[in-house]
Each structure stands twice: as C-alpha cells, then as structure tokens.
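Contents: one structure, followed by commentary.
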Amino acid sequence: MYLYLQNRLAAHVRQFLTQKYPDIELPEIVVEQPPKIELGEFALPVALKLARPLRKAPLKIAQEIVAEMSVPEGFAEFTVAGAGYINARLDRTTAARIVAADAAANAAEASAANSRGKVLVEHTSINPNKAAHIGHLRNSILGDTLVRLLRAAGYKVDVQNYIDNTGVQVADVVVGFEQMAKLSASDVEKLIASDPRFDFYCWDLYAKVSQWYEADKAHLDARRNTLHLLETGGNPTAELAQKISMAVLRRHLETMKRLDIEYDFLPQESDILHLHFWAQAFEKLKAAGVLYYEEAGKNKGCWVMTRPGHVRGEGESGPDEDAKVIVRSNGTVGYVGKDIAYHMWKFGLLGLDFGYRKFYQYPEGQSVWISCDPAQSEPGSPHFGGVDAIYNVIDARQSEPQETVKQAITLMGHQESAARYTHFSYEMVALTPRCAMELGYTVSEEDQKKSYIEVSGRKGFGVKADDLLDRLIDAAKGEVDSRHPEVSDQERREVATQIAIGALRYFMLKFTKQSVIAFDFREALSFEGETGPYVQYAVVRASNIFRKAGITPEDALKTPVSEGAFADSEDLWSLWLAAGQTSKIIEGCIASTEPAGLTKHAFQLAQQFNNFYHHHHILTEEDAGRKQLLLATAAVVRRELMAVMAVLGIPAPSVM
RNA sequence: GGGAGCGUAGCUCAGUUGGAUAGAGCAUCUGCCUUCUAAGCAGAGGGUCGCAGGUUCGAGUCCUGCCGCUCCUACCA
C-alpha cells in the first residue's frame, strides 16, 4: 500500500512541478517518512532542494507549492512543516481499506512483477570435506533469504550450491582416510552408511590431517599426489574422494534443510574440468584479447589478464607486473580461470552445458539436480544457467577474485551481463574469546585481548551448525515444556524446533552484511528482545485472539473500515501504516542486497503490535464498531508479520 | 606500498541518495501477571557519532588529513 501511494504521490508532484517550473531541471522527487505520524505519512524535501536553483527560501517555495497544488486521490491534505518540508497526509480510511484488501494488491504493487527475468543465486558452496559451521550458516541463511526476497518480488530464481569436489580440502580429508584412519573403500562405505553424522567424523579427521602436515612437511607430498589424482579422475583415490564428498554434501543438504533451505542445482568442479569448460573459455578469451601471453618479466610464459581497476602509469613500459596470472607458465590453469569459464556458463556465454541428474529429494518431493556428463543426463531433466542476472553469496575475502571474473566478462564485451553480476559480499562469523574458551579451546593471551577470533575448519576450531541447532532446540524445548505442559511432547518438540529456527535465522540476519558477527552463545540462545522468537510470539498472540474470539482473521478484514475510524487513534493508524510498508521494505532490501532491513521491519511491527496488545483489550471491548476495528488491526498485522516471516524463513509456531 | 571495510551508549548493533529532538536490544534500576499468554508492557539513567579541519541553510552521513582495528593484494588451490 505504502509504496503504491508513495509512487502515486511522487508522480503527482513531479507533474505539478514540471508545469510550474518549466525552466528548472527538477531534482528526483524524494519521498521520506516524517519523524512523527502526526506530521503526516509522507514528507517531501523537494522545496529544500529547489531553494538553490530558484534562489528563494525553502519555506516560501513550500508554501507556494502547497497553496497551488491539487491533492491527489487517496490523500487528504498537504502541509508545510519544519524548514520547508511538504508533508502529505493520507485519507486514512481509503488507505486502510487498501491495506485490508491487500494481499493481492500488495503483490501487484511489489513489482511489475511477472515480467521480471530469471536470476541465479549461488550460496552455501561449502567444501565437501567436513561439517558445516556457523560461518557457513551465515552464508546459507543470507543466500536463502535473498532467494526468498527475490521470489517475493516476482523473480524466477534458480538456487545453486557450487561443489568444489576436487580441491585441496577434499584431498586433505582423503589423505586422512588413507594415511591416518587407514580405512579401505568398503570401510568408508560402511562408515557412511552407519554414521548419521559422517561430516562430524570428517571434521575431526580434517583437523588431524592438518596437524599431521605440520608435524612433518614431507607429509605434504601426500596432499600433492592426492590432489593430482582427484583432478585427473578415473582412479581409486578419485572414486574414494567422490564417495566421501558426496556423503558430506548429503549431510550439508540435510543440515540446511533443517533451516528450510533448499537448492535446485549442484554444479561440480570435477565436471567443469572433465567437460573442458576451461578450454572453451580459453579460446574465447584469447580471441577477444582479454588474455595475452606475457613475453617477459616475472610472469614470463603465462597467460595473464589486466587486473580490475589497474591503470598503466604514464610512460610505464615493459611487462605489466601487476597483471593477474590466469594460466601458469607450465600450462595449467588456476582457480580463477575455471571460475571465469563457469560464470560464462551462468550467463549462457560459453556454448557448453552440463548434463543433469537427480541427486537428492526433499521430503516434500522437490528434487535437487547435480551436474554430470551430458551423455548420462536424465531424460526430461531441467536445464540451468543462461540467466539474466546472478548473485554470488561469497564472503568479503573473495571480493578480489570475484572482481576478476567480472572484469573478464566485461572485457569480453558483455557489459550488460557484468552489470548484472552481483557479488553479495558479507563478513565472517567469528567467536568471542570467551565463547572459544567455553568450548574448551586453548586461547592464547594475545587472542584473549581481541574482540573476536576467526573460526577455522582446518584447525577444527568453530561451532558446528548441527550442534548449534541442537542446543537451540534444547533451550527452546525447556521453555516450551514449562509453559505448555498441556500440549503433546511431539508438538512441543515441533514448536521448539520452530523457535530455534526463528532464533537462528533472525540472529544471522539482524546484523548488516559488512559487520563481523562475534558469536556468543548467550546472545545466540537469547529468546528475548530483538530476536526471532519475539516476532514469533507476536504472531502467536494475534492468533490466540482469533481463536478465542471465534472469528477468523480473514473474516475480520472483510468488514470495510468505517469512515473516520482512525480520527483519534494515532496508535492504531501507525500500526496500519507500518503494516502497509512491507512491499516497500522488500524492494529496498533487494536494491541494497541487504536483508537486515527486513528483520528490523519485522521487529518494529511486532513491537508496535505488542504495545497495541497491552493497550487494548480486544475481547472485552463493548463497543461493537470499536471491537471490529481492533480485530481488523490484529488481523492485518498478523497477516503482514507472517508474510515478512515467510520471507525471512522464520516459521510461525502454533503455541508459545 | 596499493585496494576494500570498519570505528556511534557499559556491551552488541541500527541509522535509507545530507534533513526535523542521534535510535534499538542486552545489561543496571523502578513499576505492571484475577484480563486475548509476562518469550510481554510502561518508565529511568547512560552519547564530544575515533580525532582535526572543510563543503552548506543543514553533516553520524559528503571531501581532505591524521589515529586505531580487520581483510585482500602468490605462477598454492
């Protein structure tokens, strides 16, 4: 509602100003919200902006505009306030009726939606050699929420999880199985079949391998040899590696599914290698002159690319020592080269495709597809890639390689694709020194002084995602048990799980992307204040009202809001206004690729509702008209809150 | 050296392209459960927005210079 009326207002003002000041180049019509609701619903600082070109006091300009401009449909009046703000007041009854009728209208307002193109979001992409930890959780939750935001705004979205099954990390854990655990291929198979948390086993083994390397550098030969075998493929070690990485991958899918995070497609690095994506990309990059052969200097014999943002100085001659090496002098390609080829595939610029077969099926029936040789492609399989826009959810440390890939695509002449290449960058999750010591890790004196310590899968230092979730569920279960002994144990467990998910997802989303999260159990396990459970609780309270009132929330919204209903109810009106802003907030979150704004919105809406809940006792309200309005208010807030929670991936429990 | 980011209340963080009296949560203190559930509500205290300049009607926000912290910057993957 809010966005719809805001756009209508901006268009109206623009039209008026164009006529009034034909000679002036109009600034963009900015619409803000006044600090207090008594001042109106919209604030236009346009008079302040016009002060300079018109050489006139802002206040005077505002007064002139308000005196002459007509009031658009749905609005009540314009007023001048402050230093020259033009404030617009809504016709509250009309606006409230739009909100009440909303759902459909909101969806239409959210976008010229259905025509929006297909986008690809890649997130998670955990090396398949160990259990997922809290850092991976931030990635997956941010990525999944981005997917939900885009879908809510009408985009078609494919979700990808990139599987680096031929890298050093997988090689390391394979070395662990072969050299340290000394398990045969069939032993590993038995372990995979019998251990429901095989990824935890790998977590410990991986940490041991790292220590083993440190004990004797000669042990690193094992890594080198294994890595080579994995890249080549078609040997027992590569087969073992594939068994292990697929088992760990399965565990990752299970872990993320606990948080209601799903994927459509899993491209494997091994397939990018075996299908020679790079060879194809290499030819195109050479043909386009993006890569050139370095004849001299430290990069002699390599194929290199100009680094993004690098400008050759005046009179600088000789080899560009700063250039990025893509192909080494021994002819092998580095990681970035393969990534360029992969991203050309994403945009449909490569001219090659994966094969697709089913890998996993969610309990509700949707399939997750994995890459394979096209010869083995399942009949009737979907096709991925070739999209209009991509989002890569990858932590901030990877921004340099991300820029390099984007640069390559730009230099190839695909500026429009490169412009729709978004590196969704975010900061890491670290542990507070206190938290690390609670977990039993030894923390050096130097580290104790820091505000946070980086987690490390290599050292086995961190909090595993499944462990955290288990602890959250236990904590929530304790609360639910004591509050609702009348409910069955099974339902209490379900509710506790929903609360845990809500708490965890909210926790990971409430911080802005660029903020390092210093993880602490006390904060993460909190169910009070600005948390997921606080928001969930507001919805449960709203639902309880309707359960006892013997009316559905939907029916409560069918009676039209009566004329003048909000005349002396500023608090009710501000709740309706906040509820009407969801689609505007969602658009803002997409534009800024910052989901934190939506958690803020959810919290504020819940907070306002709790306030309302305490001030108005709905069921005992005697005035029938008033009671109707209160019920409609609860219904509208409940509906919007549930919509927002769905985008945040936070479930709505039945009781709390 | 170059690039990116950060610095706001005791702690953890918000703060929309410059705008109205700088906001939340936690922690501390004071009240509120016979009511639609207290995972809640009301209230109090707590600020030199790292420092110094500049731009202007107006700066937490933009510019410059410092101070402090973090990450990136290999022919490894």
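All values below come from the heavy atoms of this structure, side chains included, with hydrogens, waters and symmetry mates left out. Quick caveat, the model's predicted, so the values are computed rather than measured. Throughout, a chain's letter reflects where its sequence line sits, starting with A, and its residues are numbered from 1.
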- Query: Within the structure, does a side-chain N or O atom of A:Gln604 lie under 4.0 Å from either OP1 or OP2 of B:A14?
  - Reply: no

- Item | Residues A:Tyr534, A:Asn610; criterion side-chain hydrogen bond (donor to acceptor under 3.5 Å, both in side chains); working and verdict | CA-CA 10 Å; A:Tyr534 178 96; A:Asn610 276 331; 3.2 Å; yes

- Separation of atom NE2 in A:His615 from atom P in B:U35, rounded to whole Å: 19 Å

- Among B:A39, B:A42, B:U35, find the nucleotide with the atom closest to the side chain of A:Pro533. B:A39

- Give the ring-plane orientation class for A:Phe511 versus A:Phe507, where under 30° counts as parallel, over 60° as perpendicular and anything between as tilted. perpendicular

- Starting from C1' on B:C76, measure out to CD on A:Gln169 and report it in whole angstrom. 13 Å

- Examine the base of B:U16 for any acceptor or donor lying under 3.5 Å from a partner atom in the side chain of A:Lys584, and report the outcome as yes or no. no

- Identify whether any heavy atom of A:Asn87 sits under 4.0 Å from a base atom; if not, whether one sits that close to sugar-phosphate; answer base, sugar-phosphate or nothing. base

- Could you tell me which nucleotide pairs with B:U70 by Watson-Crick or G-U wobble geometry, both distances under 3.5 Å, or answer none if nothing does? B:A4

- Query: From the list B:U37, B:A20, B:G25, which nucleotide is the closest neighbour of the side chain of A:Phe603?
  - Reply: B:G25

- Query: Which nucleotide in the list B:A39, B:C41, B:U73 gets nearest to the side chain of A:Arg307?
  - Reply: B:U73

- Partner of B:U34 under the Watson-Crick or G-U wobble criteria, both distances under 3.5 Å, comes out as none

- Item | Minimum-distance nucleotide (side-chain atoms of A:Tyr537 versus B:U17, B:U37, B:C72) | B:U37

- Message: Under 4.0 Å, counting only non-hydrogen atoms across every strand here, what does A:Ser329 touch: a base, just sugar-phosphate, or nothing?
- Response: base

- Message: Under 3.5 Å for both donor-acceptor distances, Watson-Crick or wobble: does B:A20 have a partner, and if so which one?
- Response: none

- Pairing nucleotide - B:G65, Watson-Crick or G-U, each distance under 3.5 Å: B:C51

- Message: Can you tell me which nucleotide in B:U37, B:A39, B:C41 comes closest to the side chain of A:Glu479?
- Response: B:A39

- Flag the pair A:Arg397 and A:Glu454 as a salt bridge only when some basic side-chain nitrogen lies within less than 4.0 angstrom of an acidic carboxylate oxygen. yes

- Item | Ring-face cation of A:Lys286 near A:Phe282 (centre distance under 6.0 Å, axis angle within 45°) | yes

- Message: With a 4.0 Å cutoff (strictly under), does any side-chain N or O of A:Arg522 reach OP1 or OP2 of B:C26?
- Response: no

- Closest to side chain of A:Glu530, choosing from B:C36, B:G25, B:A39: B:G25

- Query: Pick the nucleotide of RNA chain B nearest each of A:Phe511 and A:Tyr335; which residue has the one closer to the 5' end?
  - Reply: A:Phe511

- Name the nucleic acid region contacted by A:Tyr452, choosing base, sugar-phosphate or nothing; use a 4.0 angstrom heavy-atom cut-off, strictly under. sugar-phosphate

- Expressed in angstrom and rounded to an integer, what is the separation of A:Gln628 atom CD from B:C36 atom P? 20 Å

- Note on the structure: A:Lys217 atom NZ is separated from B:C76 atom C1', nearest whole Å, by 14 Å

- Message: In whole Å, I'd like the distance from the NE2 atom of A:His617 to the C1' atom of B:C32.
- Response: 15 Å

- Item | Nearest-nucleotide pick for A:Asn610, side chain only, options being B:G40, B:C72, B:A39 | B:G40

- Query: Rounding to a whole Å, what distance do you find between A:Glu587:CD and B:U17:P?
  - Reply: 16 Å

- Message: Need to verify one output field. Residue with the more 5' nearest nucleotide on RNA chain B, A:Val333 or A:Glu523?
- Response: A:Glu523

- Message: Looking at B:U37, I'd like to know if its phosphate oxygens (OP1 or OP2) sit under 4.0 Å from a side-chain N or O belonging to A:Asn544.
- Response: yes

- Go through B:A14, B:U37, B:C41 for me and flag the one nearest to the A:Val540 side chain. B:U37

- Message: Measuring from the side chain of A:Glu528 (C-beta onward, heavy atoms only), which nucleotide among B:G40, B:A42, B:C71 has the closest atom?
- Response: B:G40

- Short side-chain N/O contact to B:C41 OP1/OP2 from A:Tyr534, under 4.0 Å: yes

- Query: A:Trp278 and A:Lys338: which non-hydrogen atoms are nearest, and at how many Å?
  - Reply: CE3-N, 4.4 Å

- Note on the structure: Rounded to whole Å, the CD-P distance (A:Gln514 to B:G7) equals 11 Å

- Reckon A:Lys450 touches a base, only the sugar-phosphate, or nothing at all at heavy-atom distances under 4.0 Å? nothing

- Message: Taking any heavy-atom pair under 4.0 Å as a contact, classify A:Gly167: base, sugar-phosphate, or nothing.
- Response: sugar-phosphate

- Item | No-H, no-angle donor-acceptor pair, A:Ser515 side chain to B:C13 base, under 3.5 Å | no

- Item | Evaluation steps, side-chain hydrogen bond (donor to acceptor under 3.5 Å, both in side chains), between A:Arg541 and A:Asn544 | CA-CA 5 Å; A:Arg541 282 178 143 183; A:Asn544 285 346; over 6 Å; no

- Message: Rounded to whole Å, please give me the gap between CG in A:Leu605 and C1' in B:A24.
- Response: 16 Å

- Could you tell me whether A:Val535 contacts a base, only the sugar-phosphate backbone, or nothing, with contacts defined as non-hydrogen atoms closer than 4.0 Å? nothing

- Message: Side-chain N or O of A:Lys548 versus OP1/OP2 of B:U37: is the shortest distance under 4.0 Å?
- Response: yes

- Task: Examine B:A38: is either OP1 or OP2 under 4.0 Å from a nitrogen or oxygen in the side chain of A:Arg541? Give yes or no.
- Result: yes

- Can A:Tyr613 be called stacked on B:C36 when the rule is centres closer than 5.5 Å and an angle between planes below 30°? yes

- Between B:A20, B:C75, B:A39, which nucleotide has the shortest distance from any of its atoms to the side chain of A:Val325? B:C75

- Message: Check this for me, if you would: do A:Arg458 and A:Asp172 make a salt bridge, where the nitrogen-to-carboxylate-oxygen distance has to be below 4.0 angstrom?
- Response: yes

